[in-house]
There are 2 protein chains.
Amino acid sequence: MTLTELRYIVAVAETRHFGHAAERCHVSQPSLSASVKNLEEELGVTLFERGKRGVFLTEAGAQIVAQARRTLEEAERVKTVARQGRDPLKGVLRLGIIHTIAPYLLPQLVAALRRDAPEMPLDVEENTTANLDRMLKAGELEAVILALPYGGPGIETVPLYEEKFRAVAPAKHALARKKSVAVEELDAGELLLLPVGHCFRDQVLDACNEFSRPPEAGRQGNSLETLRSMVASGLGISVLPATALTARHVSPLVKSIEFSAPCPVRRVALASRRGFHRPAALEKLVGAVRELDLPVTAL
Amino acid sequence: MTLTELRYIVAVAETRHFGHAAERCHVSQPSLSASVKNLEEELGVTLFERGKRGVFLTEAGAQIVAQARRTLEEAERVKTVARQGRDPLKGVLRLGIIHTIAPYLLPQLVAALRRDAPEMPLDVEENTTANLDRMLKAGELEAVILALPYGGPGIETVPLYEEKFRAVAPAKHALARKKSVAVEELDAGELLLLPVGHCFRDQVLDACNEFSRPPEAGRQGNSLETLRSMVASGLGISVLPATALTARHVSPLVKSIEFSAPCPVRRVALASRRGFHRPAALEKLVGAVRELDLPVTAL
DNA sequence: TGAGGGTCATAGGAAAGGGCTATCGAGCCT
DNA sequence: AGGCTCGATAGCCCTTTCCTATGACCCTCA
């Protein structure tokens with residue numbers, strides 16, 4: 001049974017004439033006759049009564065033709081769906097973003113994309129690098145925004161921007177009065193960090209590699225905003241990325257102090273699988289990020 | 001786009017592996033690859049992302065595969081419908097019967113068929129010979145039970161039975177006391193007939209061809225039962241076929257008198273289009289009629 | 001009644017589509 | 001670097017499908 005055969009029997013049913021049906025289907029009458037007969041034999045049912053008075057649908061034929069119409073309709077919809085899906089800027093883009101970037105990038109990014117690529121909504125997964133890596137490789141995500149270094153076989157990355165880290169301390173803390181601070185000056189005992197698993201935690205520890213041991217338990221917050229609150233409450237000091245310290249995030253209780261050179265930074269990139277089929281979607285995403293008003297250095 | 005191609009992409013989507021999908025579809029991997037590629041080109045959409053990490057469905061691919069599944073489902077139903085329609089004794093039989101036969105044949109016929117061919121319900125059209133002829137030739141009916149002579153190009157008839165005509169008169173009418181009557185004895189002025197268009201009217205007039213002119217207006221009834229009532233009311237005499245005069249139709253007010261030889265008769269037949277695709281259904285119908293307990297002579 | 005026209009089926013050969021085997025090439029892994 | 005996995009490509013073959021020509025049948029009309 002083929003879609004062509006189904007088209008043929010629908011045409012015969014509608015024209016009640018093999019010749020006219022053949023014409024409509026742009027084939028010769030013998031071809032159409034043979035196809036119809038072939039289908040009748042495969043189905044084991046006589047679909048049409050061929051009489052000198054004309055062609056009539058049999059009882060079974062009527063039901064089968066009706067079902068054939070439904071089938072052809074669904075088949076047509078395959079093409080319709082394909083047409084709609086042809087535009088790479090159309091259709092959901094499944095994007096992963098790590099916890100320490102998402103809250104500070106997403107609001108502006110979503111707004112920008114809604115303007116530049118209105119038919120490409122984002123399906124955002126906020127998670128840790130390890131989980132996003134797994135999901136990207138498993139095909140559950142099309143792209144991931146995370147901190148470098150990141151890569152591996154089959155993965156392509158596009159650097160987006162580099163952002164500086166800044167120290168944050170309670171307004172009344174001695175540090176708060178300084179204009180800048182060297183990483184070595186930070187007191188490991190006071191430092192508040194994200195839990196294990198967050199790459200930002202490792203980056204901070206890396207930058208301040210003078211800290212021989214991680215801070216004791218109780219000196220952790222589950223998100224950068226939690227850390228900020230903890231600092232505001234005077235529980236200690238911490239380090240945040242610049243994007244978490246824009247005007248919209250300021251608090252009178254927390255002062256941020258820039259690091260003296262060499263200032264620790266992190267590089268943020270967009271990662272995707274090599275050979276991803278919608279490069280245009282990625283380019284749009286990269287372009288949108290680069291045009292955002294962020295306290296970062298473009299790469 | 002072919003159903004085979006749709007089957008292939010569904011298999012690839014489910015296995016996420018061209019080789020395994022090919023195995024499932026009982027084709028070689030290159031054949032399947034080529035078909036998938038072919039479909040992708042026809043649709044203008046990349047359905048699968050082929051990476052070394054595996055095969056992933058694209059956004060558009062997911063939608064298209066879902067639609068392909070629906071299409072294949074509908075296609076499967078074509079076969080299901082065909083299976084159900086394969087039995088010639090299954091499915092409605094559209095049967096026409098003339099007005100002067102239907103009321104006396106149908107009740108018993110329907111009962112018999114419900115027993116012998118329970119999956120072949122009758123869709124009965126009661127009408128005049130002229131209308132039934134048109135409907136049969138137009139394919140709106142599969143068979144017609146009517147009085148001979150009937151036929152023509154493309155039409156086949158099977159004689160069913162022959163039934164005698166009988167005169168009917170009010171119980172107090174002089175005729176009612178006779179044991180038999182010759183057609184010539186009937187009084188044309190008293191005779192009640194069906195309206196023009198009923199073949200039975202013509203048959204009665206034919207049999208009693210001594211009547212030079214049809215009876216005047218007002219001496220007509222729209223059905224045999226109306227004629228019987230009119231006779232019962234003493235409005236005149238009439239002629240009815242034997243099947244309208246069985247025990248279940250007797251009335252104390254109406255007497256029926258048989259005709260002396262040569263007794264006028266009508267021959268009832270089953271007509272169908274030559275080449276009708278369900279001869280078994282017709283045979284069943286003929287058999288059922290012949291086994292009925294009717295006051296007729298089988299043919 | 002016999003010629004003509006209409007309609008679907010059959011026959012035979014050509015073109016194309018789809019299948020197979022063998023092989024390639026890219027990329028991963030050891 | 002070499003082996004392995006996996007999808008793509010190449011080249012060939014065969015089945016399927018299509019076309020033209022013709023046949024069979026039957027209705028119609030002179």
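- Counting to the nearest Å, the P atom of D/dC6 and the CD atom of B/E49 are 17 Å from each other.
- Looking at A/E42, its side chain does come within 3.5 Å of a backbone N or O of A/M1 through a donor-acceptor pair.
- Side-chain polar atoms of B/T80 and B/E76 form no donor-acceptor pair below 3.5 angstrom.
- A salt bridge between B/R24 and B/E14 is present, with a side-chain N of the basic residue lying under 4.0 Å from a carboxylate O of the acidic one.
- Computed from coordinates, the A/L3 CG to C/dG17 P distance equals 16 Å when rounded to whole Å.
- Considering only side-chain N and O atoms, B/R50 lies nowhere under 4.0 angstrom from the phosphate OP1 or OP2 of D/dC6.
- Distance CD (B/E23) to P (D/dG7): 12 Å, rounded to an integer number of Å.
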- [ ] Can you check each nucleotide of nucleotides 15-23 of chain D against protein heavy atoms at under 4.0 Å and return B for base, S for sugar-phosphate only, - for none, in 5' to 3' order?
- [x] ---BBBB--
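- Remark: side-chain polar atoms of A/R266 are not paired, donor with acceptor, to backbone N or O of A/A147 under 3.5 angstrom.
- B/E125 and B/R94 are not joined by a salt bridge, as no carboxylate oxygen comes within less than 4.0 angstrom of a charged side-chain nitrogen.
- Remark: P of C/dG27 and CD1 of A/I155 are 13 Å apart, rounded to the nearest angstrom.
- The aromatic rings of A/H99 and A/H198 sit tilted relative to each other, their planes meeting at an angle between 30° and 60°.
- OP1 or OP2 of C/dA9 lies within a sub-4.0 Å distance of a side-chain N or O belonging to A/S33.
- Per the geometry, CZ belonging to B/F18 stands 16 Å off P belonging to C/dC20, to the nearest Å.
- Between the P atom of D/dT28 and the NZ atom of B/K137 lies a distance of 9 Å, rounded to the nearest Å.
- Look at A/H20 and you won't find any side-chain N or O under 4.0 angstrom from OP1 or OP2 of C/dT7.
- An OP1 or OP2 oxygen of D/dG7 is reached within less than 4.0 angstrom by a side-chain nitrogen or oxygen of B/H17.
- Residues B/T46 and A/R278 bring no donor and acceptor atom of their side chains to less than 3.5 Å of each other.
- Separating the CD atom of B/E156 from the P atom of D/dC27 is a distance of 11 Å, rounded to the nearest angstrom.
- The nearest whole Å value for the distance from the CE atom in B/M1 to the P atom in C/dG18 is 13 Å.
- Phosphate contact (OP1/OP2 of D/dG7, side-chain N/O of B/K37, threshold under 4.0 Å): absent.
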